[in-house]
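To keep things clear, I will list the structure first and then write my remarks on it.
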There are 2 protein chains.
Amino acid sequence: MRASVPITVDGLKSACSQCNLVELCLPFGMSDRELSRLDELVGARRKVKRQHNLYRAGDSFEAIYAIRAGSFKTDVLLEDGREQVTGFQMTGEILGLDGISTEAHSCNAVALEDSEVCVIAYDKLEQMSHEIEGLQLQFHKVMSREIVRDHGVMMLLGSMRAEERLAAFLLNMSQRFTARGFSPSEFNLRMTREEIGSYLGLKLETVSRAFSRFQEDGLIAVQQKHVHLLDLAGLKRLIQHQHGAR
Amino acid sequence: MRASVPITVDGLKSACSQCNLVELCLPFGMSDRELSRLDELVGARRKVKRQHNLYRAGDSFEAIYAIRAGSFKTDVLLEDGREQVTGFQMTGEILGLDGISTEAHSCNAVALEDSEVCVIAYDKLEQMSHEIEGLQLQFHKVMSREIVRDHGVMMLLGSMRAEERLAAFLLNMSQRFTARGFSPSEFNLRMTREEIGSYLGLKLETVSRAFSRFQEDGLIAVQQKHVHLLDLAGLKRLIQHQHGAR
DNA sequence: CACACCCGTTGACCCAAGTCAACCAACATT
DNA sequence: AATGTTGGTTGACTTGGGTCAACGGGTGTG
């Protein structure tokens, strides 16, 4: 059992207008004037320690969260204990959108490392969306992007083979690290093989074997959580031409 | 190859205030005054014939659609031709939310039977959301519900066995037919075994076999697309206790 | 800084679902 | 009513990924 939520709300005002994550986060595409108004919206920051929950399924929904530092996973649990990881989130990405529909969260959000989020009270967001032109549109785009992402995961889970899934996962990570100014080809994963497996609908052994296979084939170099993508094009080819198929 | 979009926009004004689908659709929870304002929003209806596309991946995004009659599937295609059905939609449900993020649709929407939708111009919706209190919230809830639904599908695809997936699918259909005033236990499916299979990440033969198995076990009676659920509780049990597992 | 414990890797074996094929029932077309 | 076509069922066989088990290397905690 994991320890329960040790919330640390420090009073620090988070200013979107000062934040270097603007192009990745909710304020994307907004004017300077709009941006300064947005600073009112983001109430406080909250630190979440590794392995601790930002929220849990069933928690009443009050706010959405923008990741300022660190990373998270979201998962849903079945009564019999089976876990499905529904996503991994990095800086600038928004957590908690699932809660709007029923006013309670429907999944768990767990920090993969010591992390910090900006708390955006939902009622304030609603209100401010009426006032700030670009905010409403941008918020809709964030939600829509999540829907599109989810469809991609369905494609992955429903129609791809184990190695294709892992290749798609690695390319997706690469792309997101790149967008954050990191190397497209070398990074440290924050999640375990088991979590990757849960996300990809595979067992951890299968994930591990696929990593080894990619290494044998010269596509990547892995050591534990450190991944070096040696042949981006090769990985992409893997996804498109369903090789084993006739 | 399917024939291309034969659009039939008839000038008929669709009045939300008159529509019997309000409790299932976008206007849910709005006051009478708000509702009458909403009538301006819904421009026209559009008929879509069976097997025809309401929109295609890549089409520029202009509007979302509320299903007035009939049903649809949405799917995404991989370069190599693999199809993943991402959802089946019934009356009152909203199509096209995927298009907001990039201003182009990212999936295909195909009518499973001759159908009719209400066309809701997105720019008008944006504008009117600023004015009508309840509309913005309701729209956010619709999007959020879609995200939650997608997470459920991921659970299904990532963590369930073939028979569990089909049981979950049948129970979901039952629940949605019930919400529309139809029998919870007897209905006609509008999609083929292959489409069900694609949605559930299974081959059509596996779907067919699972149907037969359920029939042998007295859980359902099937004949072609007609399904009679004989033991709702039994089907639910199937999902929860991952029987084969240790 | 030592010692668990967790995480990752690998091998041997197994089984659920996929593949291939044959056949039949509906339904649409003429 | 005849015929072609599509959709569904079932059987025999194959296989990709799951299961079980053993082991070794990291790393975070006391």
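Note that this is a predicted model, so its numbers are computed, not measured. In the text below, chain A, chain B and the rest are named by the order of the sequence lines, each starting its count at 1.
Shortest non-hydrogen contact noted between A/L235 and A/L229 is CD1-CD2, 4.1 Å.
Listed pair B/S208 / D/dT9 meets the phosphate criterion, a side-chain N or O lying under 4.0 Å from OP1 or OP2. In terms of phosphate contacts, B/K225 brings no side-chain nitrogen or oxygen within less than 4.0 Å of OP1 or OP2 of D/dG7. Considering only side-chain N and O atoms, B/S212 lies under 4.0 angstrom from the phosphate OP1 or OP2 of D/dT10. Residue B/T206 has a polar side-chain atom (N or O) positioned under 4.0 Å from OP1 or OP2 of C/dG18. Note on A/R193: a side-chain N or O is less than 4.0 Å away from OP1 or OP2 of C/dT9.
Remark: side-chain polar atoms of B/D98 are not paired, donor with acceptor, to backbone N or O of A/V148 under 3.5 angstrom. Formation of a donor-acceptor pair under 3.5 Å by the A/S144 side chain with backbone atoms of B/S101 is found in this model.
At whole-Å resolution of the value, CZ in B/R50 and P in C/dC27 are 11 Å apart. In this entry the distance linking CD1 of B/I196 with P of D/dG7 reads 13 Å, nearest Å. Whole-Å rounding puts the A/N188 CG to D/dT27 C1' distance at 14 Å. Rounded to whole Å, the distance from CG on A/L157 to C1' on D/dG16 is 16 Å. If you take CE of B/M160 and C1' of D/dG18, they are 18 Å apart, rounded to a whole angstrom. In this structure, CD of A/Q215 is placed 9 Å from P of C/dT9, rounded to the nearest angstrom.
Side chains of B/S159 and A/E83: no donor on one and acceptor on the other come within 3.5 Å.
Side-chain to base pairing of A/E205 with D/dC20: one donor and one acceptor N or O lie within less than 3.5 Å of each other. Side-chain N/O atoms of A/R209 and base N/O atoms of D/dT19 include a donor-acceptor pair closer than 3.5 Å.
In the set C/dG8, D/dG8, C/dA16, the nucleotide with an atom closest to the side chain of A/Q224 is C/dG8.
Residue contacts shown for B/L202 are limited to sugar-phosphate atoms, with no base heavy atom under 4.0 Å away. When heavy atoms are screened at a 4.0 angstrom cut-off, B/G197 is found touching no nucleic acid atom at all.
More than 12 heavy atoms of other shown residues, nucleotides or ligands fall within 6.0 angstrom of atom CD in A/E113.
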